[in-house]
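Counting from 1, the numbers follow the sequence of the chain as shown. Both ligands and their constituent atoms are indexed starting at 1 by order of listing.
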Amino acid sequence: MLLVLLFYICACSADEEADYSLAVDSLGELIPLERYYYGNLSAFADKMEAKLITIRRALSKMRPVLEAAEDKQERFVGNPLHAYSLLRHLHHDWPNWLDFVEEPVGAEEIKHFRSLELLLPSRADIADAAFGLEQIRDMYGQTERDMAIGLLDGQQHNVQLTAMDCWSLGKHYFHLKSFVQASVWLGLAADRYNVSEEDIYAVQGFHRVELWQLQAGSLMRQSRNDDALAVINGALEKLPFDMRLLSLRSRLENRWLVRPRLDYEEDSLPAVTDVQRGCRGEYPWKSTLHCRFSWRPSFYARLKVEEVLLDPYIVLYHDVVSGKEMELLKDYGRTNLTHDPLRSGLSAKHCALPESLPLVQSLHQRLWDMTGLSLNGSESWLITNYGIGGFLGLHKDYFDEIEEELQGDNRLFTIQIFLSNVSQGGYTVFPNLEVAVKPQAGTALVFYNLLDSLVGDTRTRHFGCPVIDGDKWIATKFLSAKEQTLRRRGQ
Ligand SMILES: O=C(O)CCC(=O)C(=O)O
Ligand SMILES: [Fe+2]
C-alpha cells in the first residue's frame, strides 16, 4: 500500500491540489491514506511508550539509593561501596541519560508523516464537501441539526458529526460571510464539545474560547446581540477570568447601548420547488412496463421496457448491461476521471470513453438492436461518478439555435445508463414533466430531446439530484440527429 501511495506522491507536483470530494471513487483513496497515517502514529506511540517504560524502570531502580540516603547522607557516602557506585552513576550514567532523552523519538515516523503531506485533502476539498452537504440540506429540506445527528431525508444513518466537524463547517461559513449557517454549525459544535477531549482538540487546533468568540461574532453580525451575549455569559460561567471573553462581553455591552437590537427573524423555510419534490420522490410514478421482443427479427432478446412518458418520449430499458460490463466501464472511469470546472453546475468527475473499446462497440450494437438508434458517429460516451452531495444542475441536453449552428448538428436522443444503484438520492428529475427516475444499475434511461420541428424541447430540461448516500455512476451518450437520419435512410 505504501508503494501505491508513494507512486501517487511522485505523480503529484507540488502545486497540484488534491481533489477528493467530487467523486466517491476518489474519496475511496482516503481510507488507505488514513490507515497509513494511523499506523504511523501508532508506531510512533509504541516507540514513545517503549522509551517511557525504559525511563520509568530506570527511575524505579534509582529511587532506592535516594531513599536509603534520606536523612543520613554522610553515613551513606561514608560507605565506600555506596560512594563508588554513586560516583560512577553520576559520572557515567547521567550523560548517557541526557543523550537518551534528547534523542528524537520516532524520527522515521515523522519523516513518513511529512512525505505524504501532499496527498492530504486540500482546503478546496473541504469547501467542495461543505457545498455537497449544503446541496443535500437544501434539496431534501434538512436542518443542520438533522445532518449532525445523521438524519438524512427521513432516514437515520449510523453516523454523527463531531464537535470538530461542526466547528470546521461553522468556520467555513463564517469566512464565506454566511453568518446564519455559521452560527448554527458553531452552536452545534458547542453542544458537542467534550471537555474531557480538550487535550486532543488542542492538538487539532480546536479551542473552546475561539469557538465561543466565533459563535458570538456570527450572532452579532446577524444583530442577535442578546444571543451573542448569552453565549459569552455562558462561556464566562465556565472560564470566569478569561480576558478574551471579558473583553468581548464589554464590547458587546457597549454595542448594545449604542446600537438598538434589530429584531431577528427566524429564517422562514423556502417554498418547495418542483425539482425538490422530484428529488424527494414525491411525483406520482406513471409508467407502463412491457416485456417485448426487439424491433429487429434477427435479435431475439426479450426486452424489459418501461415507457415513462409518450410526449416527450421517455423510456427505460432494464438490464441493458451486465454486472461485469458495468464494472469494466467503471474501471475505465476509475483510472481516467477528472473534474471539468468548465461544465457548470456539475459536482462530479467524468471522462470520455474511447469508441475503439470492444465493449463500446458491442454496446452500440446491442442498443441499436434494442432501440433502433444508431450510436456510432455521435459524441463519445461520458462516464460520470458523483461525490459528496454530487448533483448536476437543471440543464438541457439539446443545443439551442446558436450552439446548433456552431456544431452543425443537434442531440436528438440522450441515453443515460445507470451503472450503480444508489442507496439514497441521485434521481434524474424532469421537473416540467413531473418525472423522476431512480438510479437502477443496468437500466438505460432514453429520452427524446427535440420537438418534431427538430427544435429543442424545453420540457426535457432535467436535473441530477444530489446523492445522499451511495456511489452514483452513469454512462451518458448524446445521439447525433444527423446520424439517425443517415442510418435510417441506409438501414
Ligand atoms: O446524473 C444524472 O442523473 C443526470 C445526468 C445528465 O443529465 C447528463 O449527464 O447530461
Ligand atoms: Fe443531461
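- Atom CD1 of residue Ile136 and atom CG of residue Leu152 lie 6.5 Å apart, to the nearest 0.5 angstrom.
- Separation of the Tyr201 and Tyr193 ring centroids falls under the 6.0 Å cut-off.
- Checked against Gln416 for a side-chain hydrogen bond (donor to acceptor under 3.5 Å, both in side chains), the options Thr384, Thr443, Thr428, Asp397 give a single hit: Thr428.
- Glu404 and Tyr398 form no side-chain donor-acceptor contact under 3.5 Å, judged by distance and modelled atom types alone.
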Mind listing the side-chain donor-acceptor pairs of residues 303-311 below 3.5 Å, one per line with the distance, residues two or more places apart or on another chain?
residue: Lys304; atom: NZ; partner: Asp319; partner atom: OD2; Å: 3.2
residue: Glu306; atom: OE1; partner: His318; partner atom: NE2; Å: 2.6
residue: Glu306; atom: OE2; partner: Trp285; partner atom: NE1; Å: 3.4
residue: Glu306; atom: OE2; partner: Ser287; partner atom: OG; Å: 2.8
residue: Glu307; atom: OE1; partner: His290; partner atom: NE2; Å: 3.1
residue: Glu307; atom: OE2; partner: Tyr313; partner atom: OH; Å: 2.7
residue: Asp311; atom: OD1; partner: Arg459; partner atom: NH2; Å: 3.1

Provide, line by line, the atom pairs where ligand 1 and the protein bring an N/O atom each to a distance under 3.5 Å; else say none.
residue: ligand 1; atom: 1 (O); partner: Tyr386; partner atom: OH; Å: 2.5
residue: ligand 1; atom: 1 (O); partner: Lys472; partner atom: NZ; Å: 2.9
residue: ligand 1; atom: 3 (O); partner: Gln416; partner atom: NE2; Å: 3.3
residue: ligand 1; atom: 3 (O); partner: Thr428; partner atom: OG1; Å: 2.5
residue: ligand 1; atom: 3 (O); partner: Lys472; partner atom: NZ; Å: 2.8
residue: ligand 1; atom: 7 (O); partner: His395; partner atom: NE2; Å: 3.0
residue: ligand 1; atom: 7 (O); partner: His462; partner atom: NE2; Å: 2.9
residue: ligand 1; atom: 10 (O); partner: Arg343; partner atom: NH2; Å: 3.4
residue: ligand 1; atom: 10 (O); partner: His395; partner atom: NE2; Å: 3.1
residue: ligand 1; atom: 10 (O); partner: Asp397; partner atom: OD1; Å: 3.2

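- Closest approach between the Fe ion (ligand 2) and any N/O/S atom of Asp397 involves OD1.
- Under a 4.0 Å N-O distance rule, the pair Asp19/Lys349 qualifies as a salt bridge.
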